[in-house]
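Notes for the one structure printed next.
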2 protein chains.
Amino acid sequence: MALGDAILACLTERPMTGYELAKTFDSSIGFFWKADHQQIYRELSKLRDRGHIQGREVVQTGKPNKLIYTLTPEGRTALRHWAARPSTPPSIKDDLLIRLHALDSIDIEPMRTDLMARLEHHRDRHANYERILKKRFPEGMAEGRLDLGNLLLLRLGARHEQIVADFCEEALDALSAMSGKATVVPLEDGKREGKG
Amino acid sequence: MALGDAILACLTERPMTGYELAKTFDSSIGFFWKADHQQIYRELSKLRDRGHIQGREVVQTGKPNKLIYTLTPEGRTALRHWAARPSTPPSIKDDLLIRLHALDSIDIEPMRTDLMARLEHHRDRHANYERILKKRFPEGMAEGRLDLGNLLLLRLGARHEQIVADFCEEALDALSAMSGKATVVPLEDGKREGKG
DNA sequence: AGTCCATATGCACATTGACGCATATGCGCC
DNA sequence: GGCGCATATGCGTCAATGTGCATATGGACT
C-alpha cells in the first residue's frame with residue numbers, strides 16, 4: 001500500500017487535487033515513485049473511503065469542478081504508523097541490467113543505442129537534481145529551518161543518477177573496446193515486436 | 001514481461017530447474033530482480049507454453065523428479081528481440097525515501113532505527129559484491145574472455161550499495177544533529193498495525 | 001470549423017507481484 | 001518415532017500496478 005502512503009506524504013505539504021498530485025508524481029516525488037493519474041485517482045478513492053483524506057469540491061466555471069483533498073487527523077496518524085514500521089529494501093529492477101547479464105547472447109548495436117539514450121536520460125536527471133538543489137538549498141542558507149528530508153533526498157537522487165550515468169559511459173567504452181572481437185550479426189527477420 | 005525475459009537470460013548460461021532458478025534469483029541476478037519460487041514456476045509454465053523453453057524430466061529417487069529447462073532456438077530469438085527494444089528507466093521505489101519526504105510529520109526514533117538497519121543491509125550487500133568481484137574477476141585476469149556484462153553489473157551494484165550506505169550514514173548524522181531541536185513525541189496509542 | 005492542448009475526473013481489463021497453502025520424500029537429529 | 005530441513009513442484013487468492021479508454025469544456029492555433 002505504498003502509493004497510498006506516498007500520497008499521504010505529499011498531502012502533508014499542502015492540500016491538493018488529484019490532478020495536482022499527478023503532476024507532483026510527474027516531477028519531485030515522482031523521481032522516486034512513479035504513478036500515473038489513473039492510479040492516483042483510484043488510490044484517492046480508497047483513502048477517502050478509509051477516512052484518511054477528505055475531499056472538498058470547488059465549483060469552477062470553464063473547467064470541470066475540482067476536488068481538493070486534505071489530510072484528516074486519522075490520515076496523519078496512519079502515516080505516522082506506516083512510517084514507524086521497518087522499510088523493505090527495494091531491488092533495482094532495471095531491464096538494462098538483465099540485458100547485461102545476457103550480454104553474450106544478444107545484439108550489441110541496439111544495446112549501444114540503448115545505453116546512449118540512457119546516458120542522456122540519467123545526465124538530464126542529474127542536472128535536474130542539481131538545479132533544484134541550488135534553487136531550494138542555496139549555499140549560505142540558514143541551517144535552522146531547512147527541509148532536511150528533501151535535502152537528503154535530492155542529494156541521494158543526484159548521486160544515484162551520477163553513478164548510473166558513469167556506468168553507462170563505462171559500458172559504452174567497454175563495448176567499443178570489445179567491438180572488434182565479436183562478429184556483429186543483426187537480427188535476420190523483420191518481425192521486431194515493438195510496443196505498437 | 002520482464003521476469004520471463006530475466007529467466008531466459010539466466011538460461012543462456014546453462015539449463016536449470018525451477019528450483020535452481022529460484023536460488024539464482026535469491027542471489028546473483030536476484031540482487032537486481034526479486035522473484036520467489038511461485039512466481040518463477042508460473043512464469044516457466046508460460047514460457048513453455050510459448051515454446052521459448054523446453055522441459056526435460058529427470059527421474060530421481062529419494063527426491064521429487066525435476067524438470068530441467070533449456071532455451072529453445074525460439075526462446076533465444078525472443079530474448080534477442082526483447083533485448084533489441086529500448087529499455088525503460090526504472091524509478092527507485094523505496095519506502096524510506098517517501099518517509100524522508102514527510103520527515104517533519106513522522107516520528108524520528110523509528111526512522112533512526114530503520115536507517116541503522118538499512119545501513120547494515122547496504123553495507124552487507126556492498127561487501128558481498130566486492131567479495132564476488134574479487135573471486136570472479138581477480139586483478140591479473142586475462143582480458144580476452146571475461147564476462148564483461150557481469151563485471152559491469154557487479155561494479156554498478158557495489159557502487160550503488162556504497163552510495164546508499166553513505167546516504168544512510170549522512171541521514172543518521174543529520175538526525176542526530178537535529179534531535180535537540182524537535183520535541184520527540186512517541187505514538188500515543190498501541191494499535192501499531194504490523195504485518196501480522 | 002476543426003484540431004490540439006490544458007484542466008479535471010474516472011472505469012475496465014490484464015498483468016505482475018506478494019503471500020499462504022499443499023504435496024512428496026529422504027536424511028539427520030534428538 | 002517425531003521434527004525440521006533440503007529438495008522439488010505447484011495452486012489459489014488478493015493487492016498493486018500498468019494500459020487503454022471515456023467524458024467534459026474552454027482557449028489557442030490553423
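Every chain is numbered from 1, with letters handed out A, B, ... down the list of sequences. Owing to the predicted nature of the structure, the values given are computational and were not obtained by experimental measurement.
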**Prompt:** Side chain of B/Arg76, backbone of A/Ser105: donor and acceptor closer than 3.5 Å?
**Reply:** no
**Message:** How many whole angstroms separate atom CD1 of A/Ile98 from atom P of C/dT16?
**Reply:** 14 Å
**B/Met16 CE - D/dT7 P separation (whole Å)** = 15 Å
**Message:** Whether B/Arg112 and B/Glu109 form a salt bridge (side-chain N of Lys/Arg under 4.0 Å from carboxylate O of Asp/Glu) is what I want to check.
**Reply:** yes
**Asked** Of all the nucleotides listed (C/dC19, D/dT9, C/dA8), which has the minimum atom distance to the side chain of B/Lys66?
**Response** D/dT9
**Message:** Rounded to whole Å, how long is the line connecting atom OH of A/Tyr19 with atom C1' of D/dT25?
**Reply:** 13 Å
**Prompt:** Any donor-acceptor pair under 3.5 Å between the side chain of B/Gln38 and the base of C/dG20?
**Reply:** yes
**Message:** Pick the closest DNA chain D nucleotide for A/His37 and for B/Ser45 by heavy atoms, then say which residue is nearer the 5' end.
**Reply:** B/Ser45
**A/Leu3, nearest nucleotide to its side chain (from D/dT17, C/dT7, D/dA6)** = D/dT17
**Request:** For A/Ser87 and B/Arg99, test the side chains for any donor-to-acceptor distance below 3.5 angstrom and give the result as yes or no.
**Result:** no
**Prompt:** Does the side chain of B/Tyr41 get closer than 4.0 angstrom to OP1 or OP2 of D/dG10 through an N or O atom?
**Reply:** no
**Prompt:** Can you check the B/Asn65 CG to C/dA24 C1' distance for me, whole Å?
**Reply:** 10 Å
**Item:** Spacing of A/Asp36 atom CG relative to D/dA16 atom P, expressed in whole Å
**Value:** 16 Å
**Item:** A/Lys93 vs C/dG17: side-chain N/O to OP1/OP2 distance below 4.0 Å
**Value:** yes
**Asked** When only distance counts, do a donor and an acceptor, one from the side chain of B/Arg42 and one from the base of D/dT9, lie under 3.5 Å apart?
**Response** no
**Request:** Using atom CD of A/Glu43 as one end and atom P of C/dG10 as the other, report the distance to the nearest whole Å.
**Result:** 14 Å
**Message:** Does either side chain, that of B/His122 or that of B/Glu161, offer a donor lying less than 3.5 Å from an acceptor on the other one?
**Reply:** yes
**Request:** For A/Gln39 and D/dT17, give me the distance from atom CD to atom P, rounded to whole Å.
**Result:** 6 Å
**Request:** Just compare D/dT9, C/dG10, C/dA8 and give me whichever is closest to any side-chain atom of A/Tyr69.
**Result:** C/dG10
**Prompt:** Roughly how many Å is it from CD1 in A/Ile40 to P in D/dT17, rounded to a whole number?
**Reply:** 11 Å
**Request:** Answer with yes or no whether the side chains of B/Arg131 and B/Asn128 bring together a donor and an acceptor at under 3.5 Å.
**Result:** yes
**Request:** Report yes if at least one side-chain N or O of A/Lys23 is closer than 4.0 Å to OP1 or OP2 of C/dA6; otherwise report no.
**Result:** no
